Enquirer: 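Please see the structure below; I have some questions.
Below, chains carry the letters A, B, ... as their sequence lines are ordered, and counting in each starts from 1. This structure is a prediction, so every number in the text was calculated from the model and none was measured.
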There are 2 protein chains.
Amino acid sequence: MARAAGVSAATVSRVFNGGRVTTELAERVLRSAAELRFAPNRVARALRMQRSSVISLIVPDIENPYFASLARGVEDAAQRKNHSVVLCNSDEDLDKERRYLDTALAEQMAGVIIAAASRSRTDLSPFTGMPVVAVDRRPLGAAVDAVVIDNQHGGEQATAHLLRSGYRRVACITGPEGTSAAEERLTGYRVAMGEYRREQGQDQAQLRELIRYAESGTESGREAMRDLLANEEPPDAVFVTNDLMAVGALEALRAAGREPPRFGVLSFGDAPWVSLIAPSLSTVGLPSYDLGRASVGLLLERIAGKDRPQQTMVLQTSLQVRSSATGPAPGP
Amino acid sequence: MARAAGVSAATVSRVFNGGRVTTELAERVLRSAAELRFAPNRVARALRMQRSSVISLIVPDIENPYFASLARGVEDAAQRKNHSVVLCNSDEDLDKERRYLDTALAEQMAGVIIAAASRSRTDLSPFTGMPVVAVDRRPLGAAVDAVVIDNQHGGEQATAHLLRSGYRRVACITGPEGTSAAEERLTGYRVAMGEYRREQGQDQAQLRELIRYAESGTESGREAMRDLLANEEPPDAVFVTNDLMAVGALEALRAAGREPPRFGVLSFGDAPWVSLIAPSLSTVGLPSYDLGRASVGLLLERIAGKDRPQQTMVLQTSLQVRSSATGPAPGP
DNA sequence: TTGAAAGCGCTAACAA
DNA sequence: TTGTTAGCGCTTTCAA
């Protein structure tokens, strides 16, 4: 290539990397490159620079629409900055995750974006020198940038919306006890309920009978809902902390003849199908795409060598009003 | 690393690549490698071998569950053979697709798996030397292996199932005229209907009034269904060639008081949410995961240098019976 | 079976 | 501004 244009390899390199070259030479190089369909060999470049332009994206499962959307955000942002994205599905398996991390090292990748399989047991310590951004889940005690969702605020939003819509006894079905997202969303619920009851001068001790922990599947959502309906004083609305459980809750409600929006249902998640089911589910939408995009932003700053304090970005949820929680009164 | 083990670089290389080395030396190398947490530099390897172990996967959009599942199949299979997968979203945009293809070349990737944006205008000609497998869509006139779905057979399966379930006037809502998947599925419908009517000694000329072309969205599915119901002699079942249009059709049916399974609905696609809507949709399931897996199989054969005739694998659909097409008679 | 040496294509330091 | 040179870490002859 250099010979074809009658210049040195260094000049070719400079042309392709924005070095100082006279327009005449640059043109000659570009012309030859076009003729020969030449494009710089990125592998050689990566070897020489000790760093490729590939980002490793490690998620539990790309078939989960949440992570698909996140991945899309990552890929779009990366592509705009001439970076490629390697897709890795960890299946929440620490060993598998570990192998992907090792590969990222061996391939001298530019950086890693990871939704870690475990907050405490994912080991990010070998990554000195390679930038890492944690996304969706912030590993405990690892000195990495992170981008996460404000789950508590989302829980507050959801609960407040139900109360504002006129529901009075708002229940909550949340995920397994001890998982951080579920607990945070529940906290949001407690806070919003506490505030409301304080304003109303109501007793605050009775929240417990309105709360159910479930296993985050359709099945367990249905059971939890059935259980809530069996209360002495049953709720008139429910905040469910994920879409799948919400579908189960909906089924239990239909079986009991308590259909939305008379009975309010609000879920957390915004899966692409929530608008397709009947009634279309109002949800607290997750900024999954932006999560991906933002994590690339942080990662590229680190890759560029920017030395700033470790940082966590907290992205806000947004209420998606559809038809399952418009209010207990007969429609206007 | 070589020094640490007291051997030459060549020996280290042989240890990691299954060359002939005495057990004693091999052990020494492995021990040092473990101590130093050494792993061979894949970039240098790729440069030297003129080929990396990365596969480029080009799909229209990873947020489409069909391609997410396909991608998962690709990644699982690739990972098992120590290959990485680079994710590329073409958005059906030829320019964008072209840039990804160029990157694959510049990165000396091991091969490309592509669901091409266009059957005729996607240009795969620069890929002499780099293996390419077309997936889901077979480019016209490109000499590459391909893995596709048997759309026509799927259409036959769907239609035959409706007829077998007791529906008599089966309509079809298919995608835009001229797109190959839509036409093939429609062909399957025609074949199955023709066969049935021949057996019944019925007139075969009247099929046209049972067929509608739509724009493959919820909206246009609803309209097409409404239009079919306005027929002089309306259908009692419909085969819809994708899930989204089926949701629209379902809405039109509900509005007209003709609910499944009294009115049969069968769709083509098997999106993850089809079992969540009410009634749960019976579908012709697409082997998207296997599509991905199989394409990796073909690709790796080519990468290994296997010289065999160009090949197209046709994967079969499978009927997923749920509750929207159990038969016109009142349930047992 | 092992090691020495060359070279994959690029970029960075230096010299001209 | 341009060219020369060295070397990134590996695999692959070739010779020992």
Enquirer: Sequence neighbours left out, what passes salt bridge (Lys or Arg N to Asp or Glu O under 4.0 Å) with B:R80? Give chain and number order.
Expert: none
Enquirer: Give me each pair satisfying salt bridge (Lys or Arg N to Asp or Glu O under 4.0 Å) with a member in residues 38-54 of chain B, each pair once, sequence neighbours excluded.
Expert: A:E107-B:R42
Enquirer: Among all residues two or more places apart in sequence or in another chain, which pass the salt bridge (Lys or Arg N to Asp or Glu O under 4.0 Å) test with B:D61?
Expert: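 For B:D61 the salt bridge (Lys or Arg N to Asp or Glu O under 4.0 Å) partners, ignoring immediate neighbours, are A:R72.
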Enquirer: Run through A:D123, A:D93, A:L140, A:L94 and flag the one making a side-chain contact (heavy atoms from CB on, under 4.5 Å) with A:S118.
Expert: A:L94
Enquirer: Classify A:F16 by what it touches in the nucleic acid, base, sugar-phosphate, or nothing, heavy-atom distance under 4.0 Å.
Expert: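 It contacts nothing in the nucleic acid.
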Enquirer: Does C:dC8 have OP1 or OP2 under 4.0 Å away from a side-chain N or O of A:N41?
Expert: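 Negative; the distance criterion is not met.
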Enquirer: Kindly compute the distance separating OG (B:S84) from CD1 (B:I55), expressed to the nearest 0.5 Å.
Expert: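 That separation rounds to 8.5 Å.
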Enquirer: By a strict heavy-atom criterion of less than 4.0 Å, which residues belonging to residues 25-34 of chain A are in contact with DNA chain D?
Expert: A:L25
Enquirer: Can you pull out every salt bridge (Lys or Arg N to Asp or Glu O under 4.0 Å) where at least one residue sits in residues 125-138 of chain B? Sequence neighbours excluded, please.
Expert: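 Listed once each, the pairs are B:E92-B:R137.
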Enquirer: Protein-nucleotides 12-16 of chain C N/O pairs closer than 3.5 Å?
Expert:
{"unit_1": "C:dA12", "atom_1": "O4'", "unit_2": "A:R48", "atom_2": "NH2", "d": "3.2"}

Enquirer: Need two values: the first and the last nucleotide of DNA chain D, 5' to 3', having an atom under 4.0 Å from any heavy-atom of chain B.
Expert: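 That gives a stretch of D:dG9 to D:dT12.
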Enquirer: Any salt bridge (Lys or Arg N to Asp or Glu O under 4.0 Å) involving residues 3-23 of chain B? Give me the pairs, sequence neighbours left out, ordered by first then second residue.
Expert: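 Not a single pair qualifies under salt bridge (Lys or Arg N to Asp or Glu O under 4.0 Å).
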Enquirer: Among residues two or more places apart or on two chains, list those pairs meeting salt bridge (Lys or Arg N to Asp or Glu O under 4.0 Å) that have a residue in residues 24-33 of chain B.
Expert: B:E24-B:R28
Enquirer: Taking side-chain hydrogen bond (donor to acceptor under 3.5 Å, both in side chains) as the cut-off, I'd like each qualifying pair that reaches into residues 286-306 of chain B, sequence neighbours left out, listed once.
Expert: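 For residues 286-306 of chain B: B:S69-B:S288, B:D76-B:Y289, B:D145-B:R302, B:D290-B:R293, B:E301-B:R308.
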Enquirer: Applying a 4.0 Å non-hydrogen cut-off, can you work out what B:V43 is touching in the nucleic acid: base, sugar-phosphate, or nothing?
Expert: nothing
Enquirer: Nearest whole Å is fine: how far is C:dC8 P from A:L47 CG?
Expert: 13 Å
Enquirer: Less than 4.5 Å apart, any side-chain heavy atom of A:L101 and any of A:L105?
Expert: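 No. Closest side-chain heavy atoms not under 4.5 Å.
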Enquirer: What is the distance, rounded to the nearest whole Å, between atom CZ of B:R20 and atom P of C:dT2?
Expert: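 About 11 Å, once rounded to whole Å.
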Enquirer: Taking five pairs at each end, how big is the angle between the two axes of the helix from C:dT1-D:dA16 to C:dA16-D:dT1, to 10°?
Expert: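 Roughly 40° between the end axes, to the nearest 10°.
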Enquirer: Please tell me if the side chains of A:Y66 and A:L291 come closer than 4.5 Å, counting only heavy atoms from C-beta onward.
Expert: yes
Enquirer: Tell me what A:V12 touches on the nucleic acid: a base, only sugar-phosphate, or nothing, going by heavy atoms under 4.0 Å.
Expert: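 Here A:V12 touches no strand at all.
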Enquirer: Do the side chains of A:D102 and A:R98 get close enough for a salt bridge, i.e. N-O under 4.0 angstrom?
Expert: yes
Enquirer: Could you tell me which residues satisfy salt bridge (Lys or Arg N to Asp or Glu O under 4.0 Å) with B:K81, sequence neighbours excluded, listed by chain and number?
Expert: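 Per chain and number, B:K81 pairs via salt bridge (Lys or Arg N to Asp or Glu O under 4.0 Å) with no residue.
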Enquirer: Reckon B:S8 has a side-chain N or O less than 4.0 Å from the OP1 or OP2 of C:dA4?
Expert: no
